[in-house]
Amino acid sequence: NAGVTQTPKFQVLKTGQSMTLQCAQDMNHNSMYWYRQDPGMGLRLIYYSASEGTTDKGEVPNGYNVSRLNKREFSLRLESAAPSQTSVYFCASIPRGAGGYTFGSGTRLTVV
Amino acid sequence: QKEVEQNSGPLSVPEGAIASLNCTYSDRGSQSFFWYRQYSGKSPELIMFIYSNGDKEDGRFTAQLNKASQYVSLLIRDSQPSDSATYLCAVNREDSSYKLIFGSGTRLLVRP
């Protein structure tokens, strides 16, 4: 009963480095989402995948790419990290159009 | 104007009192409304959701929706110190992708 699992939990990157944030859910949910949370800004949608095989941009997609590897996994990639990408990243999933999101525990990313 | 607005607080109430948290939204086509609780350093967890005008009760929590006024609220009865957290309001537009738009949250402090 893991729910939504995110790895890593913490990461420090240097400007220009790349990394992939991993997210996996074991609830057979159709839709998955990546949000970032910054102080005073609330949660902002980066990318989402309404169903396996589809991905779309959210409110703040610049500097990110995503892959919906299969129904369970949805990864977020930073190709060239910038200090402005310092944030807490949350992955979330939902069954087909019902109820609210289930969130992962988050990844705290610092770019120096 | 933000799509979902919340007073950042903190809202301070004594233990045992009713805490009233408010949220307004700008998109009249919004279909469903969610309240999440987020403890410091943790991920958001769903408290309840509401789709129809009126009140919806779940234990000590009551969500109230007024679509004409574009207003949704959360009442917490018999507030406990463990209710101290940030409460996030989220709104789903009339959109099959089920993207939630979050407010920046209201911090609630319950004084023993």
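Keep in mind the model is a prediction, meaning the values are calculated, not measured. Naming: A, B, ... by sequence-line order, numbering from 1 per chain. Because only heavy atoms are used, hydrogens play no part in the values below, and waters and symmetry mates are left out as well, while side chains stay in.
- Only the side chain of Q37(A) comes within contact range of chain B, with at least one heavy atom under 4.5 Å from a heavy atom of that chain.
- Residues S67(A) and R77(A) bring no donor and acceptor atom of their side chains to less than 3.5 Å of each other.
- A donor atom on one side chain and an acceptor atom on the other are not found under 3.5 Å apart for Q80(B) and D83(B).
- Residue E45(B): no heavy atom, backbone or side chain, is found under 4.5 Å from chain A.
- Side-chain contact check for S105(A) and Q6(A): no donor-acceptor pair (N or O, by modelled atom type) lies under 3.5 Å.
- If you measure heavy-atom distances from L43(A) to chain B, the contacts under 4.5 Å come from both the backbone and the side chain.
- Between Y64(A) and Y47(A), a ring centre-to-centre spacing not shorter than 6.0 Å is recorded.
- Looking at L100(B), both its backbone and its side chain come within 4.5 Å of chain A, counting heavy atoms on both sides.
- Between F33(B) and Y25(B), the gap from one ring centroid to the other is short of 6.0 Å.
- Heavy-atom distances place no part of R44(A) under 4.5 Å from chain B, backbone and side chain included.
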